[in-house]
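The sequence lines fix the lettering, A, B, ..., with proteins before strands; numbering per chain opens at 1.
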There are 2 protein chains.
Amino acid sequence: MDKKNEILNEAYRLFSQKGYSLSMSEIAKAVHIKTPSLYSHFNSKDEIIETIIKTEIENCFEAVHKIVSDLKDKNCQETLSYIFFHMIDYCKKSSRPYFLRHLSLMQNKKLRQMCTTLLQECSDCFAEHIRQCFEKGIREKELKETVNEGQIYLYISMIQGILDSEFFIQDKKFRSKDYAVKVWEAYWDGIKA
Amino acid sequence: MDKKNEILNEAYRLFSQKGYSLSMSEIAKAVHIKTPSLYSHFNSKDEIIETIIKTEIENCFEAVHKIVSDLKDKNCQETLSYIFFHMIDYCKKSSRPYFLRHLSLMQNKKLRQMCTTLLQECSDCFAEHIRQCFEKGIREKELKETVNEGQIYLYISMIQGILDSEFFIQDKKFRSKDYAVKVWEAYWDGIKA
DNA sequence: GTCTATATGTTGATAGAC
DNA sequence: GTCTATCAACATATAGAC
């Protein structure tokens with residue numbers, strides 16, 4: 001791997017730990033060069049952070065696309081549970097939860113604005129797929145007739161909530177696969193026909 | 001108000017914005033004294049932060065107690081919806097969402113440990129009340145017979161998820177009362193007898 | 001309690017040699 | 001590309017006058 005990518009990898013790791021307050025000297029130390037040498041690869045700290053954020057959100061966008069695509073032949077239950085478990089898996093992977101949370105608290109106004117725009121796009125795409133799946137489920141009598149947008153919002157909140165639980169309460173119980181399975185079963189029990 | 005409390009109030013506000021990286025000079029400026037004068041009231045930056053964190057979590061603990069108490073004569077639906085909307089209201093108030101999220105990302109190890117312990121206690125207390133309410137609901141045939149701990153986890157995840165939505169996607173839709181109402185109705189529709 | 005002056009360290013960034 | 005040397009700005013914290 002070339003030095004530039006090595007820098008970006010370590011910057012990603014450090015940003016996940018410390019957020020915007022990571023320092024150039026920490027990055028330099030992690031890639032075994034001196035601080036000024038970083039400026040041969042990037043013009044500023046913000047340029048490094050901007051690069052890792054853009055890359056991460058692009059990856060996230062692709063992951064969402066990958067998860068929701070190629071599921072058209074599956075029924076509503078299979079699709080919703082597949083998306084549920086795979087979104088949780090993806091968002092929990094390695095230091096991603098910390099990275100995303102630091103994003104939402106970053107002070108740098110310009111970078112914050114960029115994140116908001118990109119994440120909004122990603123979220124809209126996700127929500128649209130879910131909506132179509134619900135409509136299909138109602139049409140094909142797989143879901144209760146009473147199912148409406150409230151259940152869609154609940155679906156999205158449920159995923160967010162599971163991902164968030166481990167942050168507020170550092171309890172193993174919230175991180176086990178079993179926990180997510182039980183939540184999913186409870187949810188499905190409430191919407192199935 | 002005396003200077004000490006004025007400092008704590010401004011420190012709370014600044015911590016909500018910047019997290020642990022708030023500076024002593026920012027606090028000093030906000031309360032219209034010079035930086036060294038802060039040390040007449042507190043021994044260190046960490047002492048200030050520790051104080052505001054302890055106060056905030058104590059308040060949170062009391063709020064949870066207040067919300068869950070005096071509801072014993074109400075039925076399950078009333079209790080669960082009351083707790084749902086009041087917990088969301090409380091946690092969304094002013095800068096509290098930012099404060100709590102900065103807590104969970106704080107680098108200072110000693111302070112992190114303190115938060116984890118205190119929040120765990122608060123969460124356990126909350127979960128126990130919810131559990132009792134569900135048991136009562138099943139006993140009195142207000143809830144479906146199939147309701148189990150999965151629905152309890154879903155209830156808690158749902159609240160977390162609603163509180164989190166506005167952080168990842170800065171969309172007005174997620175902040176409206178209407179959104180929470182729809183989620184609640186969808187949830188209740190899934191567990192009622 | 002509040003101030004000025006100061007100590008000591010770290011930050012992001014640049015100049016210029018190799 | 002990487003380095004040493006250096007910069008101005010900022011951080012937390014202390015000493016001591018008033």
Ion pair present between B:Asp178 and B:Lys182, side-chain N to carboxylate O less than 4.0 angstrom?
yes

Heavy atoms under 4.0 Å, any strand shown: does A:Ser44 hit a base, just sugar-phosphate, or nothing?
sugar-phosphate

Checking salt bridge (Lys or Arg N to Asp or Glu O under 4.0 Å) for the pair B:Arg131/B:Glu135: CA distance, chi angles, key distance, verdict?
CA-CA 6 Å; B:Arg131 187 173 305 278; B:Glu135 280 170 9; 5.7 Å; no

For DNA chain C, note the earliest and the latest nucleotide, 5' to 3', having some atom under 4.0 Å of a heavy atom belonging to chain B.
C:dG1 to C:dA5

Aromatic ring pairing B:Trp184/B:Tyr187, orientation class (parallel under 30°, perpendicular over 60°, tilted between)
tilted

Taking any heavy-atom pair under 4.0 Å as a contact, classify B:Ser23: base, sugar-phosphate, or nothing.
sugar-phosphate

Measure up the B:Tyr12 and B:Phe99 rings against each other and bin them: parallel (under 30°), tilted (30 to 60°), perpendicular (over 60°).
parallel

What nucleic acid atoms does B:Leu22 come within less than 4.0 Å of, heavy atoms only: base, sugar-phosphate, or nothing?
sugar-phosphate

Do B:Tyr20 and B:Asp46 meet the criterion of a side-chain donor-acceptor pair at a distance under 3.5 Å?
yes

Side chains of B:Gln160 and B:Asp164: is there a donor and an acceptor less than 3.5 Å apart?
no

Rounding to a whole Å, what distance do you find between B:Ile27:CD1 and D:dA13:P?
10 Å

Could you tell me the separation between the NZ atom of B:Lys45 and the P atom of D:dA13, rounded to a whole number of Å?
8 Å

Using heavy-atom distances to pick each residue's nearest nucleotide on DNA chain C, tell me which of A:Ser25 and A:Pro36 is more 5'.
A:Ser25

